[in-house]
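Residues take their numbers from the sequence shown, with the count starting at 1.
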Amino acid sequence: MFGIFMESLVIFKLYTGLKLLLGLTLAAWFYLLFREKDRNVRLLLVYAPIIVVLLFLFPVSRKVFVAAGLDGETYYRILWTIPMGVITCYGACKLFARHKRVGLVVTSALVILCGSYVYQSSYISKAENLYHIPDTVIKICDRISPEDSTARVLAVMPPELIHFVRQYDSRINMPYGREMLVERWDYYNAVYEAMEKPEVVDVEALLEATRAEYCRYIVMNSERKTDVNPENCGLVLIDEIDGYRIYEDPVTTEVVEQWQEYYEDK
């Protein structure tokens with residue numbers, strides 16, 4: 001039990017970072033503990049967070065979580081239910097509402113100084129469009145998206161694009177998604193194995209896998225090496241967008257169109 005408690009404590013430390021913003025949240029929480037009079041607000045922002053933390057650290061809670069068939073590696077997501085940002089902002093608002101002369105300046109300065117410039121993170125970049133995804137993804141999706149609003153198309157995308165495709169156009173399906181990018185999940189997909197695992201792509205092996213999944217399009221980085229020119233194996237280069245080559249497989253296209261005609265006749 002003690003080992004489980006220590007693991008949960010480590011998860012809590014990693015999740016919160018134990019940095020200054022956590023200190024602000026705790027300060028706001030203590031302020032609300034003594035100053036907040038509204039019963040509903042106290043229940044949501046004062047009592048509920050501490051109950052969640054205690055249950056999270058309680059070893060039996062994690063055993064029940066896993067026994068219920070849930071993935072132990074996602075146990076940290078319980079901490080998502082703690083509205084740390086809301087607690088901090090609401091506590092700050094209550095403070096400078098009570099001390100209007102200095103409250104706003106002090107709390108704003110603390111939030112700014114305790115935080116960090118978000119664009120310094122490698123995981124965050126400035127939005128290129130209203131969709132908040134790379135322009136390249138939009139161009140590629142618009143190029144291969146079916147004209148029929150009810151139709152779907154299957155396309156193979158390089159790993160750096162798959163996160164965004166499904167956010168932009170649900171009509172473009174892919175044979176694999178982000179699950180293939182997490183090694184510890186140990187998923188297997190024949191198309192991914194042929195597309196990404198070898199240093200030099202065996203085009204014939206890739207086509208065998210994509211045709212088994214009925215993939216109409218194959219999108220490849222122009223710098224990706226192949227053993228032969230994909231066009232020599234029957235693929236048609238329909239466009240090149242921002243360093244990505246879009247190939248269409250006529251064999252799969254013909255099969256898919258025959259299916260569509262068959263079901264339309266039905």
Side-chain angles (χ1 to χ4, degrees), residues 7-8 10-11 14-15 56 62-81 121-125 127-128 131-146 151-226 230 235 241-249 252 255-256:
E7 287 181 4
S8 298
V10 169
I11 294 172
L14 292 174
Y15 177 79
F56 179 83
R62 188 170 184 180
K63 294 178 75 69
V64 172
F65 185 88
V66 175
L70 300 172
D71 185 1
E73 293 186 357
T74 63
Y75 185 62
Y76 70 92
R77 293 181 181 178
I78 292 176
L79 296 174
W80 290 357
T81 61
S121 171
S122 59
Y123 301 104
I124 298 177
S125 58
E128 299 177 12
Y131 297 98
H132 289 252
I133 62 177
D135 285 337
T136 300
V137 176
I138 294 177
K139 295 176 185 177
I140 293 174
C141 289
D142 288 345
R143 182 65 179 83
I144 66 176
S145 181
R152 292 179 178 271
V153 67
L154 200 63
V156 183
M157 298 282 178
E160 64 270 20
L161 301 184
I162 60 176
H163 293 85
F164 306 107
V165 173
R166 64 178 183 174
Q167 297 178 48
Y168 179 68
D169 195 337
S170 61
R171 295 178 300 162
I172 300 177
N173 295 343
M174 297 175 288
Y176 55 82
R178 63 180 290 271
E179 73 278 358
M180 301 306 304
L181 308 183
V182 183
E183 293 184 4
R184 68 176 183 274
W185 291 353
D186 197 26
Y187 278 88
Y188 174 84
N189 181 280
V191 178
Y192 182 82
E193 293 289 321
M195 178 83 165
E196 299 299 332
K197 286 300 181 70
E199 184 175 346
V200 178
V201 178
D202 184 333
V203 178
E204 290 291 348
L206 176 60
L207 280 176
E208 182 180 353
T210 56
R211 286 171 178 171
E213 295 285 346
Y214 301 101
C215 298
R216 181 171 180 174
Y217 297 103
I218 299 175
V219 180
M220 300 181 68
N221 192 303
S222 58
E223 297 181 358
R224 194 78 168 92
K225 296 180 180 179
T226 57
L235 293 178
I241 298 174
D242 297 340
Y244 290 94
R245 293 174 180 168
I246 305 174
Y247 294 97
E248 183 176 9
D249 184 2
T252 301
V255 172
V256 172

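Between L235 and L207 there is a side-chain heavy-atom pair separated by less than 4.5 Å. A 4.5 Å side-chain heavy-atom check between I162 and M180 finds every atom pair outside the cut-off.
Applying the side chain to side chain donor-acceptor pair (under 3.5 Å) test to R152 and every residue at least two apart in sequence or in another chain returns N173. Every residue was checked against the ring pair (Phe, Tyr, Trp, His ring centres under 6.0 Å) condition with Y187, not counting sequence neighbours, and none meets it. R211 is linked by a side chain to side chain donor-acceptor pair (under 3.5 Å) to D249, counting only residues two or more places apart in sequence or in another chain. With sequence neighbours excluded, the residues that form a side chain to side chain donor-acceptor pair (under 3.5 Å) with R143 are D239. Applying the ring pair (Phe, Tyr, Trp, His ring centres under 6.0 Å) criterion to Y176, with sequence neighbours excluded, gives Y192. For K139, the side chain to side chain donor-acceptor pair (under 3.5 Å) partners are D242, not counting sequence neighbours.
Counting non-hydrogen atoms of other residues, nucleotides and ligands closer than 6.0 Å to CD of E208 gives a total of 12 or fewer.
Checking each of T136, D135, V137 against I133 for a side chain to side chain contact (heavy atoms under 4.5 Å, CB included) leaves exactly one that passes, namely V137.
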- Task: Might you work through the ring-ring contact (aromatic ring centres under 6.0 Å, His included) test for Y76 and Y15, ending with a clear yes or no?
- Result: CA-CA 8 Å; Y76 70 92; Y15 177 79; 7.1 Å; no
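Listed for the R166 side chain is no donor-acceptor partner under 3.5 Å among the backbone atoms of M174.
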